[in-house]
Amino acid sequence: MSALVAESRLTRRFEKLKEKNRAALVTFITANDPDPALFRQLLEGLPTAGADIIELGMPFSDPMADGPSVQLSSQRALQAGVSIDDVLGAVADMREWEMDTPVILMGYYNPIYRYGPAEFSEAAANAGVDGVIIVDLPPEEAEELNQHLRANNLHMIFLAAPTTDETRLPRVLDHASGFVYYVAVKGVTGTKSADVSEVSARVAAMRKQTDLPIGVGFGIRTAAQAAEMARFADAVVVGSAIVDIITDGIDKDRRPQPGLAARVLDFVKDLANGVQTARLGGDNETSVKTSTGAGA
Amino acid sequence: MAEARNTYRDGPDDQGHFGLFGGRYVAETLMPLILEVERAYDAARADPSYAQELESFLTTYAGRPSPLYFAERLTERFGGAKVYFKRDELNHTGSHKINNCLGQILLAKRMGKTRIIAETGAGQHGVATATVCARFGLECVVYMGAKDIERQKPNVFRMNLLGADVRAVEKGSATLKEAMNEALRDWVANVDDTYYLIGTAAGPHPYPTMVRDFQSVIGEEVREQMDAVEGRLPDTLVACIGGGSNAIGLFHPFLDDSDVRLIGVEAAGKGIDTGEHAASISGGNPGVLHGNRTFLLQEDGGQIRDAHSISAGLDYPGIGPEHAWLHLQGRVDYVSATDEEALAAFQLCSKLEGIIPALEPSHALSYVGKIAPELPADHLIVINLCGRGDKDVFTVADALGTEVGAGS
């Protein structure tokens, strides 16, 4: 059950960033939020703004693991209209001009199950997708989809949570591919702030059990927080904080205010700057800094 | 077609699957908890003192066994089969929900949890949960759709009296589906001290199994009671189905009695053809939601549709996974009754039997009104009267165009 995706756009990106001794910035936005035009504008601007990996939300009517920010964003996207084919179409168009930035899709299983796990995996690979995160598919239920993802050289990225104990962690790591996504808080997305020393202790403990890159997400809202995590994590995921700028920048008919895309991309630039400079200078240049007293 | 089976009672497998259905489709944060609940439940089941304690509370607190009642005047009216009611509306808190809540609260106590969360539609499960939390001194938070709060005011007030914190969920259709989403989000955020007391035979494994086991007391009693009165098994069992906890509780002890016909009645709302209904089997497809694979009301693209039923307790776009499996096996027949049919049955039962039933079992009664006249006089039908109708008087008055409390 080990990762069979040997080499990919995603592994290459992590290799490259490791050489530069810095973490990847992963930015999350929801496909077609608040409408297809603004979404496409953001997608076009993200690589230049400093997103090293693009995570796209595939909206679901019942996003049970998400807090209010991503719930609203999914709702807006569904109102604007969005199907799996729309999401894949946007990625395929992006691949016309952007070949190096990995794209990961995040969503819930039901829309994929209806689409067909085999058909979805093939279509996603053809569109230029690199991996998927399916929130409600723990390792126990994942094989139905994962067999087809592997066959199409796509990574299935699994979450490890603060509740994932020592006996369970090997099971998660055994299935993981691409990178391991450590959920930094006990909670849904965008509602709590991550505790850096706790997270760094957990990441250090996980490193003893896996060679895969380890990303950290949930509860990271500012460039400063992203920088703190980027000192020891291989990837830092920011979602709700980006989505909130969209929420604040539209009118009640979901029409974006002038300059909204630029505001979102400016925030991504801030985040990128934080992540890119996190390990420069000072005493934090080692890739893993175990906090004192946290007892991994 | 499904092959003939020796037993229909051996599910689920050790991963919580009933054939294609069931399972554990939850976020990783919840997986360790779900596994912990499963271990704790297995340990409790193996412990005779747990069974004894539960039995004692079922008897002295819930008021079990509930009677099996011969509905003589309805039988006369239908002019065919003999109609019995399993009187689970006489339980403490007014529905079958207390059976499951007692079982799970004792489990939560064994696990050392101090905070209980629950979702509720009609408020029956919310009231039962608030009740056992009061009895055992545990903090209680109940998530309820804003629309359901509006149409089930008496139950909201009861929960407040019992000390529960009732939280309105405004999102989406503001009914049971959203309440369950919100309860799951709460659980993810409060994993250390919180136990999620699910009220229906759905959700991630082991909940569908656990709820079924706790509700099976209904069917087990019917078996004994019918034997005492008629000296044999019943011929047909009928129960309403939202998530399906009262139905699986009635059916499960009879699954291997091939001569006993089992009928689940879903809510057809304004009619299956209108799209405004809550009949997941008659009008849905297999999918994954709220931790399990089952039949769901959904769009082609896999987005979940809003359900509709006049009965808040049936207003849910899914159904328990064991029902989904029993449907594919052909062991249980799943049919439906509309809002209008349920309303008519509600009034008929009130007038002829002096029993005001909840709108949920009124669906089952309505279907019995269709089949009983065609059946012989020695055919024995049991309807699970799983809830009483006090909570529904405002809804019914509204539907009938009268005003409650206007001093007529």
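In what follows, every chain begins at residue 1, and chains take the letters A, B, ... in the order their sequences are listed.
Heavy atoms closer than 4.5 Å to chain B are found in the backbone of A/Pro59, but not in its side chain. Contacts of A/Ala142 with chain B are absent, with no heavy-atom separation under 4.5 Å from either backbone or side chain. Of the atoms belonging to A/Tyr115, not a single heavy atom falls under 4.5 Å from chain B. Both the backbone and the side chain of B/Pro286 come within contact range of chain A, judged by heavy atoms closer than 4.5 Å.
Minimum interatomic distance between A/Pro138 and B/Tyr25 (heavy atoms only, all atoms of both residues): CD-CA, 4.3 Å.
In terms of non-hydrogen atom pairs under 4.5 Å with chain A, the most contact-rich of B/Leu33, B/Asn285, B/Leu184 is B/Asn285. Heavy-atom pairs under 4.5 Å with chain A peak, among B/Asn190, B/Leu30, B/Asp186, B/Asp192, at B/Asp192. Your options are B/Arg305, B/Gln15, B/His17, and the one with the most heavy-atom pairs under 4.5 Å with chain A is B/His17.
Within a 6.0 Å radius of CG in A/Asp248, more than 12 heavy atoms belonging to other residues, nucleotides or ligands are found.
With A/Asn110 contributing its side chain and B/Gly302 its backbone, the two residues share a donor-acceptor pair below 3.5 Å. With A/Ser61 contributing its side chain and B/Ile304 its backbone, the two residues share a donor-acceptor pair below 3.5 Å. Here the side chain of A/Thr163 pairs no donor or acceptor atom with the backbone of B/Pro32 at under 3.5 angstrom.
Looking at A/Arg168 and B/Glu28, a side-chain N of the basic residue comes within less than 4.0 Å of a carboxylate O on the acidic one, giving a salt bridge. Between A/Asp66 and B/Arg185 there is no salt bridge, since no side-chain nitrogen of the basic residue lies less than 4.0 Å from a carboxylate oxygen of the acidic one. Between B/Asp300 and A/Arg114, none of the side-chain N atoms (NZ, or NE/NH1/NH2) sits under 4.0 Å from a carboxylate O, so this pair counts as no salt bridge.
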- Message: For B/Val26 and A/Asp136: C-alpha separation, side-chain torsions, deciding distance, then whether side chain to side chain contact (heavy atoms under 4.5 Å, CB included) applies.
- Response: CA-CA 4 Å; B/Val26 297; A/Asp136 54 356; 5.9 Å; no

- Taking it one step at a time, do A/Thr164 and B/Met31 satisfy side chain to side chain contact (heavy atoms under 4.5 Å, CB included)? CA-CA 8 Å; A/Thr164 310; B/Met31 267 313 287; over 6 Å; no

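Listed by sequence position, A/Gln71, A/Gln75, A/Leu78 are the residues of residues 70-92 of chain A in contact with chain B, using a 4.5 angstrom heavy-atom cutoff. For residues 307-326 of chain B, heavy-atom neighbours of chain A at less than 4.5 Å comprise no residues at all.
With values rounded to the nearest 0.5 angstrom, A/Thr167 atom OG1 is found 8.5 Å from B/Leu35 atom CG. Atom CG of residue A/Asp62 and atom CE of residue B/Met180 lie 11.0 Å apart, to the nearest 0.5 angstrom. Taken to the nearest 0.5 Å, the CG atom of B/Leu289 stands 5.5 Å off from the CE atom of A/Met64.
Between the side chains of B/His205 and A/Glu140, no donor N or O sits under 3.5 Å from an acceptor N or O.
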